[in-house]
Amino acid sequence: MGTKSAVDLMESLSEVHFSGFHIDGLEQRKAGTEQPTTSTTDMYKQPFVIGVAGGAASGKTSVCDMIVQQLHDQRVVLVNQDSFYHNLTQEELTRVQDYNFDLPEAFDTEQLLRVMDKLKRGQAVDIPNYDFKGYKNDVFPARRVNPADVIILEGILVFHDPRVRALMNMKIFVDTDADVRLARRIKRDTADNARDIGAVLDQYSKFVKPAFDDFILPTKKYADIIIPRGRDNHVAIDLIVQHIRTKLGQHDMCKIYRNLYVIQSTFQVVEHGLGHLPFTEKQVTTPTASVYSGVDFCKRLCGVSIIRSGESMENALRACCKGIKIGKILIHREGDNGQQLIYEKLPNDISDRHVLLLDPILGTGNSAVEAISLLLKKGVPESNILFLNLVSAPQGVHVVCKRFPRIKIVTSEIEIGLNEAFRVIPGMGEFGDRYFGTDDDDQQASQ
Ligand SMILES: O=P(O)(O)OC[C@H]1O[C@H](OP(=O)(O)OP(=O)(O)O)[C@H](O)[C@@H]1O
Ligand SMILES: O=c1cc[nH]c(=O)[nH]1
């Protein structure tokens, strides 16, 4: 499948990282532990932010230009960390050769954060126009930048501050050999900027190289993608652009459908889904007579799994909600139509419950429509249904979101589409067969 392997997804089903524990069905969360919040949701309604870091003269700007060029049908804005250099004081100006421009403190990160925050919220911003000769950021008029679908934030140290990293949906590190970077620097500063080669080399050994080793290189570990050879690596840049396009497709869908939530790959679907349910504060007294504050769901819950594949998500749900009732629906599927309800067994009082509908695959959307229609017929209000899914096709998302605008869909991946056999592509083939070991390959292997 696209960005996650089948194994990862299977793990996300069985491995439940829930920060709470259970006492008599009460869901407890430890104070201060990370909980799913709406911020992930908001992230998908906001511009897509790409961070591009790497040593000076590594080719970051060229990589960014190539990405911008290839994303020609998107509104892209480029923000350079260089624009946020602090103004040099009079004293620093008199000894500018001793000033280290390669340290994190050389940048006004607070201002960068303010600008990025505004852009992410869809507001126009004024970005300083740094004067590289006078070392001042208030000499030239600021650059007016309008909001865009994609923001590329580029600079040697854009991965240094965790608050800046947290803004990014994708992090790219441009990894170019030190000798290539030095050769480019010498050429740029002597030929283009008419500087003395001795001074260039002095600055390199005194500031540039140590800062690279101490501050820039250590941030490589935060990158999602490392591009060796920078702009010369056309294959890597093509793949990145392809991936950005897929992610932008997800962003667009989340902007169209406010009831769609694409969770970050590190989140667990069931756990995240539970975070969408209304809850109140509740205190319990533990057997050691300590009072513990936790949360309790406002309304009763139940799960409903679509047989077979939905059953693979039941353990995760039980691990989060001990003793939860789980109903079943069996739907027979023929290609892209002919959905037929074969069997259903649901809690009698289902209309009074919030329903977590479990099915890892959303293809054409026909099975989900059939299942949701049955729940509505049983009296479950549409807004009480939460559809938990792992891999979806855009077609299915459109069908379900349009038809049932008040349900919530939580998925961990929206793939490219469907093939002629209505399988999600790249997808993972027959989920049920793979999960339950009934696929032909597996049978042959065990024979
Ligand atoms: O959106 P759709 O096009 O309707 O496809 C999605 C359905 O396909 C899968 O079930 P499948 O019919 O493969 O049965 P299984 O779970 O028993 O393998 C999946 O679990 C969904 O229920
Ligand atoms: O891709 C698909 C589509 C429907 N059912 C599956 O198991 N996989």
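Start at 1 and go down the list; that is how both ligands and their atoms are numbered.
Taking the charged nitrogens against the carboxylate oxygens, E382 and K408 have no contact shorter than 4.0 Å, which rules out a salt bridge. Ion pair R308/D433 flagged as a salt bridge, since at least one NZ, NE, NH1 or NH2 atom sits closer than 4.0 Å to an Asp/Glu carboxylate oxygen. Using a cut-off of 4.0 Å between Lys/Arg side-chain N and Asp/Glu carboxylate O, R423 and E415 are scored as not salt-bridged.
The contact set between ligand 1 and E430, taken as ligand atoms under 4.0 Å from a residue heavy atom, comprises 13 (O). Close approach of ligand 1 to D359 (heavy-atom distance below 4.0 Å) involves ligand atoms 19 (C), 20 (O), 21 (C), 22 (O). Under a 4.0 Å criterion applied to the non-hydrogen atoms of G432, ligand 1 contributes the atoms 18 (O). Within the listing of ligand 1, atoms 15 (P), 16 (O), 18 (O), 20 (O) sit less than 4.0 angstrom from a heavy atom of S309. Ligand-side atoms of ligand 1 in range of I361: 6 (C), 19 (C), 21 (C), range being under 4.0 angstrom from any heavy atom. Which parts of ligand 1 touch T364 is read off a 4.0 Å heavy-atom cut-off, strictly below it: atoms 1 (O), 2 (P), 3 (O), 4 (O).
Distances from ligand 1 to the non-hydrogen atoms of A368 include no value under 4.0 Å.
For G363, a nitrogen or oxygen atom sits less than 3.5 Å from a nitrogen or oxygen atom of ligand 1, counting backbone and side chain alike. The distance criterion of under 3.5 Å between nitrogen or oxygen atoms is not met by D433 with respect to ligand 1. Residue G365 has at least one nitrogen or oxygen atom sitting less than 3.5 Å from a nitrogen or oxygen atom of ligand 1, judged on distance alone.
Annotation: the span from I385 atom CD1 to R353 atom CZ amounts to 14.5 Å, rounded to 0.5 Å.
Proximity annotation for atom 4 (O) of ligand 1: of S312, S367, S392, S367 comes nearest, heavy atoms only.
A donor atom on one side chain and an acceptor atom on the other are found under 3.5 Å apart for Q70 and D238. A side-chain donor from one of Q283 and S293 sits under 3.5 Å from a side-chain acceptor of the other.
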Practice task
Before giving the answer on ring-ring contact (aromatic ring centres under 6.0 Å, His included), spell out for F159 and Y222 the whole-Å C-alpha distance, their side-chain angles and the decisive distance to 0.1 Å.
Solution key: CA-CA 7 Å; F159 295 168; Y222 299 117; 7.3 Å; no
Problem - V158 and T219: CA distance, side-chain angles, deciding distance, side-chain contact (heavy atoms from CB on, under 4.5 Å) verdict - result: CA-CA 9 Å; V158 290; T219 67; over 6 Å; no
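Under the 30°/60° scheme for interplanar angles, the aromatic rings of Y257 and H398 are found to stand perpendicular.
Listed by chain and residue number, the protein contacts of ligand 2 are R333, I361, F422, R423, V424, G429, E430, F431 (heavy atom within 4.0 angstrom).
Environment of CZ in R144: crowded, with over 12 heavy atoms of neighbouring residues, nucleotides or ligands closer than 6.0 Å. The environment of N348 atom CG is sparse: at most 12 non-hydrogen atoms of other residues, nucleotides or ligands sit within 6.0 angstrom.
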